[in-house]
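Notes follow once the structure below has been shown.
In listed order, ligands and their atoms are each counted from 1. These values consider heavy atoms only, across backbone and side chains, with no hydrogens, waters or symmetry-generated copies. Predicted, not measured: the structure shown is a model, and the values here were computed from it.
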Amino acid sequence: MDHFLYRDGELYAEDVPVAEIAAAVGTPFYVYSTATLERHFRLFDEALEGIDHLVCYAMKAASNQAILKTLARLGAGMDVVSGGEYARAIAAGVPGDRIVFSGVGKTRDEMRAALTGGIRQFNVESEPEMAALNEVALELGTRAPITVRVNPDVDAKTHAKIATGKSENKFGIPIARARDVYAQAAAMPGLEVIGIDVHIGSQLTDLEPFRLAYRKVAELTETLRAEGHDIRRLDLGGGLGIPYARGNEAPPLPVEYGKMIKEELGHLGCEIEIEPGRLVAGNAGLMVSRVIYVKSGEDREFLILDGAMNDLIRPAMYDAHHDIVPVVEPQAGAEQRPYDVVGPVCESGDTFAKGRNLPVLNAGDLVAFRSAGAYGAVMSSEYNTRPLIPEVLVHGHQFAVIRARPSFDEMINRDTIPEWL
Ligand SMILES: *Cc1c(COP(=O)(O)O)cnc(C)c1O
């Protein structure tokens with residue numbers, strides 16, 4: 001459920017007409033709904049009611065300061081995957097003891113920054129990383145709390161580019177090697193082993209792969225405890241999918257996911273962490289774009305938008321489907337036509353949809369890409385020297401630009417000319 005609905009014949013973001021935002025900030029832009037962000041965070045929080053837990057929002061999904069603050073106010077932790085994300089979380093007022101640090105390539109500088117600024121735990125992904133973290137912690141005269149991310153070799157049944165839990169993926173250590181790696185960790189004086197971490201992929205639409213992975217984690221918990229490790233926290237990653245196409249079967253709900261977690265892991269008495277990203281932010285955002293031209297090809301019509309692959313790369317990158325809806329509500333039974341929906345970037349990959357049936361549209365009309373809140377703005381670029389598009393946050397009747405569109409001068413002035421030119 002989200003808060004982007006038609007009202008009086010036009011699309012609203014909460015209580016603000018989308019067309020009003022378009023008039024104020026220009027197109028294209030992203031718009032997020034506070035109520036949807038809050039609702040989705042709370043669904044996860046409530047799903048784990050009754051067990052000690054922390055929901056750490058995977059901020060790589062959408063990391064604007066205003067979004068982080070919205071969630072942090074509700075008590076969210078953050079899952080960060082870079083020094084930049086760590087700095088963003090701290091800047092948004094998230095206390096260090098609610099920040100977990102994931103990622104396969106943490107540098108010593110990043111480790112230092114997190115150990116100095118405060119960190120809940122590092123999710124360590126390899127033996128060399130473990131050794132480096134031990135050294136950095138010792139240099140700083142501290143101990144780094146860690147879990148080890150295990151790779152359970154489970155097929156997440158999702159797009160190959162976002163599957164992370166198979167043995168051929170770069171993530172985590174093979175679960176079969178876990179005993180050995182935990183023994184090494186326990187012998188490192190700069191590390192404090194507190195738990196186990198797993199994250200098998202993104203946009204999972206079935207609970208079974210999670211269940212298989214969590215069962216392996218439960219077994220490993222018992223094994224490691226028997227060997228003397230104080231396993232008291234389980235970080236179960238993120239990955240629960242969202243319905244990108246309306247009308248298709250919906251993925252499991254957070255409450256069902258929470259129930260499964262309690263079934264599989266509740267008896268262990270561990271604190272549970274989860275790291276949802278997409279499900280918190282995905283349906284909380286739209287990308288709004290304007291039709292520049294309707295162009296007739298030989299055998300098809302192209303809807304040429306002012307938004308492009310550099311603004312929303314998911315269709316080009318993952319063949320992802322986004323529902324596209326006109327901002328003016330179509331009349332019931334209105335004529336539909338198949339369109340190839342494209343952007344202005346000079347690549348054929350700059351195609352959002354092929355043969356998509358949409359109500360008849362004309363130059364100047366506004367359209368909204370639904371489910372664009374996660375992995376949208378954060379993955380955008382300035383390819384073709386197209387400015388990063390603004391982000392807008394709606395809260396009831398109010399809206400605010402939370403990242404402004406840079407001017408051409410601002411973009412150009414980021415470059416510097418060497419003295420010999
Ligand atoms: C990307 C990622 C997540 C979030 O995944 P979603 O599918 O957005 O929920 C959580 N944890 C880790 C380690 C990740 O890399």
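Within 6.0 Å of OH in Y293 there are 12 or fewer heavy atoms belonging to other residues, nucleotides or ligands. Taking a 6.0 Å sphere around NZ of K259, one finds it holds 12 or fewer heavy atoms contributed by other residues, nucleotides or ligands. The 12-atom threshold is exceeded at CZ of R403, counting heavy atoms of other residues, nucleotides or ligands nearer than 6.0 Å.
Using the six-membered ring where Trp is involved, Y86 and F101 have ring planes that are parallel, under 30° apart on the 30 and 60° scheme.
In this structure the side chain of E125 never reaches within 4.5 angstrom of the side chain of K170, judged on heavy atoms.
Looking only at heavy atoms of the protein, atom 7 (O) of ligand 1 is closest to S202 OG, 2.3 Å. When hydrogens are left out, the protein atom nearest atom 8 (O) of ligand 1 is Y375 OH, 2.5 Å; that is the closest non-hydrogen contact. The protein heavy atom nearest to atom 2 (C) of ligand 1 is K60 NZ, 2.2 Å. Nearest protein heavy-atom contact of atom 10 (C) of ligand 1 is E275 O, 3.2 Å.
In summary, the atoms of ligand 1 found under 4.0 Å from a heavy atom of P276, numbered by their order in the structure, are 9 (O). Close contacts between ligand 1 and D79 involve ligand atoms 10 (C), 11 (N), 12 (C), 13 (C) [criterion: under 4.0 Å to a heavy atom]. Within the listing of ligand 1, atoms 5 (O), 6 (P), 7 (O), 9 (O) sit less than 4.0 angstrom from a heavy atom of G239. Annotation for ligand 1: atoms under 4.0 Å from non-hydrogen atoms of R278 are 6 (P), 8 (O), 9 (O). Atoms of ligand 1 found under 4.0 Å from any heavy atom of A58 (numbered from 1 in listed order, with element): 3 (C), 4 (C), 10 (C).
Remark: R39 does not engage E14 in a salt bridge, criterion side-chain N to carboxylate O under 4.0 Å.
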Practice problem: Show the numbers, then the answer: is there a side-chain contact (heavy atoms from CB on, under 4.5 Å) between I402 and Y32? | Solution: CA-CA 10 Å; I402 55 173; Y32 308 100; 4.0 Å; yes

